[in-house]
Each structure stands twice: as C-alpha cells, then as structure tokens.
Amino acid sequence: MAKASVISLLSLFICIFSSLSFAYASASAPAPAPSSNQQMRFEVLGHVYCDTCRVEFETSISEPIPGATVRLECRNRTDEKITYQSPEITAGDKGNYKIQVTGDYEESDCDVMLVKSPRADCNDPTEEWRKARVVLTTLDGVSGEIRFANNLGFKKKEALPECTKVLTEMGYFELQKELGSEAV
Ligand SMILES: *[C@@H]1O[C@H](CO)[C@@H](O)[C@H](O)[C@H]1NC(C)=O
C-alpha cells in the first residue's frame with residue numbers, strides 16, 4: 001500500500017473518531033460554569049473495555065467490562081506529591097464510570113488508572129493505555145464540569161479468533177507492514 005493511502009486512511013479514522021466524540025460531547029452539553037467564588041466540581045466520564053485482540057486499542061469486538069475498577073489521581077506537576085486521590089470507582093453494566101471531583105487542579109497532572117478487572121480471562125492492564133489524562137481546571141480555557149477520559153482497556157489473555165478478520169478490515173496489518181510493528 002502506498003504511503004499516501006495509509007495517510008489518508010489514518011486521517012479518515014481520525015476524522016471519524018473526532019466527529020464521534022464531538023457529537024458525544026455536544027449531546028451532553030455541560031451546564032454553565034459556576035461563578036468563581038464557588039468550589040469547582042468536575043465529573044470525569046470514561047469507559048473500561050476488554051481488548052479482545054491484544055492490540056492496545058479498541059476494535060469493533062472489544063467488550064465492555066462491567067465491574068472493572070479505576071482510580072483518579074492528581075499529582076503536583078512540580079514536586080509530584082499527590083494532590084487528589086479518589087476512592088476506587090466501579091464501572092457500571094456498560095463498562096462506564098463516573099468520578100466526581102471537587103476543586104481545581106491547575107498545577108497537577110490528573111490521570112485515571114485501571115485498578116482491577118473482575119474478568120479472570122481479561123485482566124492484563126495494557127501498559128501504555130493504563131492511564132488516561134484528564135484536565136481538571138477551568139483556568140486553561142476549557143469550561144464545563146464534564147471531562148471525558150480516554151477509554152482504558154485490559155488485555156484478554158488470548159485473542160479471539162475473529163481478530164484476524166476484524167483487524168484486516170481495519171487495515172491494521174497493512175499499516176503494520178508499512179510502518180513497522182513498533183510504530184503501530
Ligand atoms: C506544588 O509544588 C510546588 C513546589 O513544591 C509548590 O510551590 C506548590 O504550592 C504546589 N502546588 C499545590 C497546588 O500543591
């Protein structure tokens with residue numbers, strides 16, 4: 001496959017995904033920001049899935065993991081001390097979770113982390129996707145209470161047999177050949 005078509009394929013994916021998340025974000029339009037003398041409240045929304053193909057990204061045959069647990073942690077960007085730590089939060093029946101946070105964390109890096117999977121066949125946390133960065137401040141120009149975290153996945157012990165077909169349809173193997181396995 002020529003490099004140009006790989007690039008257009010990639011741009012197509014990016015287009016589709018960004019328009020999807022845009023639609024999602026605008027469908028649940030956040031309430032107007034409260035006045036600044038009030039304590040800021042954030043609601044962090046995310047999803048935990050089982051990476052049934054062991055590729056470290058979501059595919060059409062990834063599965064939600066109800067009952068998976070996650071934790072949100074913020075660390076001071078300068079001295080790395082913990083500035084906020086949520087209790088363990090359990091994902092609901094569609095693998096979706098909601099974490100409520102009070103306060104503004106402009107000087108911190110905040111990440112949602114996988115804690116535990118209830119599925120014995122799918123409990124290997126995918127190293128690179130283990131954390132999902134969320135911005136918990138309104139002082140950088142992002143307004144609204146609702147903050148979306150990137151989806152987090154546990155890897156299944158054994159890939160499903162359908163993965164070859166699904167990944168081929170996604171153009172994964174061609175992309176892998178083109179870019180080398182490390183880049184994908
Ligand atoms: C972050 O750490 C720096 C350096 O120790 C400190 O000056 C600052 O007040 C801390 N900020 C917060 C929000 O804890």
Side-chain angles (χ1 to χ4, degrees), residues 10 13-51 54-58 62-119 122-155 182-184:
L10 266 179
F13 272 124
I14 291 165
C15 276
I16 293 170
F17 279 111
S18 43
S19 54
L20 278 180
S21 44
F22 180 70
Y24 190 26
S26 44
S28 48
S35 59
S36 54
N37 59 355
Q38 228 174 306
Q39 178 86 294
M40 194 59 212
R41 278 181 54 240
F42 295 104
E43 211 160 72
V44 177
L45 303 182
H47 174 78
V48 183
Y49 66 93
C50 175
D51 172 14
R54 301 182 52 83
V55 285
E56 310 217 342
F57 56 81
E58 252 183 309
S62 292
E63 296 158 4
I65 308 187
T69 51
V70 298
R71 195 157 44 85
L72 173 69
E73 203 173 88
C74 299
R75 282 174 184 272
N76 182 324
R77 210 168 282 140
T78 315
D79 61 13
E80 306 214 321
K81 286 206 179 103
I82 292 178
T83 51
Y84 177 82
Q85 200 168 31
S86 77
E88 282 185 18
I89 303 288
T90 306
D93 60 357
K94 294 197 171 76
N96 297 330
Y97 63 82
K98 179 161 90 179
I99 307 173
Q100 275 161 335
V101 189
T102 310
D104 196 286
Y105 298 90
E106 190 200 8
E107 290 177 16
S108 296
D109 285 329
C110 297
D111 294 292
V112 180
M113 282 164 279
L114 292 172
V115 178
K116 228 169 90 196
S117 166
R119 273 178 65 169
C122 194
N123 58 9
D124 179 9
T126 55
E127 210 54 54
E128 274 178 63
W129 295 75
R130 203 167 182 167
K131 288 183 178 186
R133 177 63 45 93
V134 285
V135 175
L136 298 181
T137 179
T138 51
L139 303 173
D140 66 348
V142 184
S143 64
E145 284 188 14
I146 296 174
R147 303 294 159 109
F148 293 97
N150 283 335
N151 296 351
L152 289 165
F154 285 98
K155 257 197 258 190
E182 251 127 280
V184 179

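First listed ligand is number 1; within each ligand, the first listed atom is number 1.
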(request) Before accepting this row, confirm whether a basic side-chain N of the pair D51/K155 lies closer than 4.0 Å to the acidic partner's carboxylate O. (result) no

(request) Flag the pair E63 and R119 as a salt bridge only when some basic side-chain nitrogen lies within less than 4.0 angstrom of an acidic carboxylate oxygen. (result) yes

(request) Could you check atom 5 (O) of ligand 1 against the protein and tell me its nearest heavy-atom contact, residue, atom and distance included? (result) D79 OD2, 3.0 Å

(request) Distance to 0.1 Å, residue and atom name: give those for the protein heavy atom nearest to atom 9 (O) of ligand 1. (result) E107 OE1, 4.2 Å

(message) Would T83 count as a polar contact of ligand 1, with the cut-off being nitrogen or oxygen pairs under 3.5 Å?
(response) no

(message) For atom 6 (C) of ligand 1, tell me which residue out of T78, D104, N76 has the closest non-hydrogen atom.
(response) N76

(request) Say whether, by atom type as modelled, one donor and one acceptor occur between the side chain of T137 and the main chain of L139 under 3.5 angstrom. (result) yes

(request) Would you check if the side chain of R77 reaches a backbone N or O of S108 as a donor-acceptor pair within less than 3.5 Å? (result) yes

